[in-house]
Amino acid sequence: DIGIGTSNALSNTNPEMINGYMAYGSNDTYNNGNGSLMRILPVCIYAADLPFSEGVEIVHMASAVTHPHYISLIGCGIYYGIVKAMIEAADGALLDVVSKGIAMAREFYVGRAGYADYTGRYHRLFDLPVSEYGALSEDEIKSSGYVLDTLEAAVWGLLNYSDYKEMMTVLIRFGKDTDTLACVAGGLYGLYHGAEKIPAEWISSIRNRELVEKLCR
């Protein structure tokens with residue numbers, strides 16, 4: 001399907017797109033679904049070699065096509081930090097890598113004009129030690145279409161499960177926006193653990209697998 005924020009962005013900016021201008025979604029506080037977070041991984045990988053302050057602006061631009069509000073930008077920026085840290089320290093311990101990634105985002109956003117009003121929404125990721133955050137119970141984790149809930153649940157799943165199938169089973173059991181949560185968590189898992197840890201029978205059943213693998217090379 002197509003999310004409301006994405007649909008509105010396409011409808012509202014179509015004339016500008018035709019004339020060569022970038023699409024830009026609604027900056028309404030209520031337009032903070034997880035639509036940009038679920039597609040941001042390739043952009044994060046593309047920008048991973050850049051200094052955080054430069055790469056995150058590219059990530060922001062990609063999010064803003066549909067989700068330009070600060071809450072969504074911060075969520076995508078935290079995800080970018082984790083991805084960047086994973087690529088920079090491919091053999092690093094998971095807790096150290098995730099901590100480093102979140103710290104990069106925290107340093108950029110906290111106290112920065114505009115963003116500072118919304119960093120408190122991400123207080124659990126920004127303020128809790130990663131080990132303590134990972135120790136939260138399932139009851140303390142939400143799964144919904146809200147970008148914050150999706151990011152928190154994805155990071156929590158990554159920290160708690162080294163087995164891909166088990167992680168996915170637990171996260172999907174949360175219900176609600178399960179496909180997006182699986183996408184966001186699965187991207188981090190695959191980047192850190194490698195595709196070989198994903199069950200072969202799941203990979204073999206991917207529709208248009210050859211095209212997907214070609215695009216990933």
Side-chain angles (χ1 to χ4, degrees), residues 5-6 9 13 16-17 20-25 27 31-119 121-127 130 133 147-148 150-152 154-155 158-159 180 183-195 212-217:
T6 300
T13 61
E16 287 82 358
M17 290 174 68
Y21 294 97
M22 180 178 175
Y24 200 80
N27 201 28
N31 185 35
N32 280 301
N34 52 28
S36 63
L37 179 63
M38 71 179 295
R39 67 168 190 270
I40 209 67
L41 178 58
V43 183
C44 294
I45 295 173
Y46 169 82
D49 292 336
L50 297 174
F52 185 90
S53 59
E54 296 179 19
V56 78
E57 294 299 345
I58 296 174
V59 170
H60 288 169
M61 289 176 62
S63 174
V65 173
T66 54
H67 296 74
H69 193 275
Y70 288 121
I71 294 173
S72 290
L73 300 186
I74 294 170
C76 289
I78 295 172
Y79 196 82
Y80 168 60
I82 296 173
V83 169
K84 179 175 172 62
M86 285 181 174
I87 293 174
E88 290 178 345
D91 298 324
L94 181 60
L95 287 178
D96 294 339
V97 170
V98 174
S99 295
K100 180 182 177 182
I102 293 175
M104 284 190 282
R106 183 194 300 113
E107 182 179 358
F108 180 86
Y109 290 117
V110 174
R112 186 173 292 266
Y115 299 98
D117 292 339
Y118 299 97
T119 52
R121 305 288 182 96
Y122 290 90
H123 68 94
R124 295 204 297 187
L125 288 174
F126 279 155
D127 298 334
V130 170
Y133 179 77
V147 61
L148 170 62
T150 299
L151 179 63
E152 285 195 339
V155 174
L158 177 72
L159 293 172
T180 302
C183 169
V184 175
L188 292 178
Y189 182 99
L191 189 62
Y192 183 78
H193 292 285
V212 173
E213 291 179 338
K214 180 179 179 181
L215 291 172
C216 289
R217 292 192 187 105

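Everything numeric in this text was worked out from a predicted model, so none of it was measured.
Pairs engaging residues 73-84 under the side-chain hydrogen bond (donor to acceptor under 3.5 Å, both in side chains) rule: Lys84-Glu88 [sequence neighbours left out].
Distance CG/Leu159 to CG/Leu95: 6.0 Å, rounded to 0.5 Å. Rounding to the nearest 0.5 angstrom, the gap separating the CG atom in Leu148 from the CG atom in Leu37 is 10.5 Å. Note: Arg39 CZ to Cys76 SG = 7.5 Å, rounded to the nearest 0.5 Å.
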Donor-acceptor pairs under 3.5 Å, side chain of residues 106-116 to any protein atom, not counting sequence neighbours: which ones?
from: Arg106; atom 1: NE; to: Phe126; atom 2: O; distance (Å): 2.7
from: Arg106; atom 1: NH2; to: Phe126; atom 2: O; distance (Å): 2.5
from: Tyr109; atom 1: OH; to: His60; atom 2: NE2; distance (Å): 2.7
from: Tyr109; atom 1: OH; to: Leu73; atom 2: O; distance (Å): 3.1
from: Arg112; atom 1: NE; to: Phe108; atom 2: O; distance (Å): 2.7
from: Tyr115; atom 1: OH; to: His60; atom 2: ND1; distance (Å): 3.2

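Side-chain atoms of Asn27 and Tyr70, non-hydrogen and from C-beta on, never get closer than 4.5 Å to each other. Residues Arg121 and Ile74 are not in side-chain contact: their nearest non-hydrogen atoms beyond the backbone lie 4.5 Å or more apart. Here the side chains of Asn31 and His67 are in contact, with some heavy-atom distance below 4.5 Å. When side chains are defined from C-beta on, Val184 does not count as touching Asn34, because their heavy atoms never get closer than 4.5 Å.
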Would Met38 and Thr180 count as a side-chain contact (heavy atoms from CB on, under 4.5 Å) if you check the C-alpha gap in whole Å, the side-chain angles of each, and the deciding distance to 0.1 Å? CA-CA 6 Å; Met38 71 179 295; Thr180 302; 3.6 Å; yes
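Taking Ile87 as the reference, Ile45, Ala48, Val83, Leu191 meet the side-chain contact (heavy atoms from CB on, under 4.5 Å) condition, with sequence neighbours excluded. In this structure Tyr189 satisfies the ring pair (Phe, Tyr, Trp, His ring centres under 6.0 Å) test together with Tyr164, His193, sequence neighbours excluded. With sequence neighbours excluded, the residues satisfying side-chain contact (heavy atoms from CB on, under 4.5 Å) with Asp127 are His123. Here Ala85 pairs with Val97, Lys100, Met104 under the side-chain contact (heavy atoms from CB on, under 4.5 Å) rule; sequence neighbours left out.
Between Ser72 and Ser36, the shortest heavy-atom contact is CB-OG, 4.3 Å. Considering every non-hydrogen atom in both Ile40 and Ser63, the closest pair reads CD1-N, 4.1 Å. Listed here is the closest heavy atom pair of Val147 and Gly33: CB-O, 3.5 Å. Of all the heavy atoms in Ser99 and Val130, the pair that sits closest is OG-CG2, 3.0 Å. Smallest separation of non-hydrogen atoms from Tyr122 and Ile78: CD2-CD1, 3.6 Å. Nearest approach of Cys44 to Val59, heavy atoms of both residues: SG-CG2, 4.3 Å.
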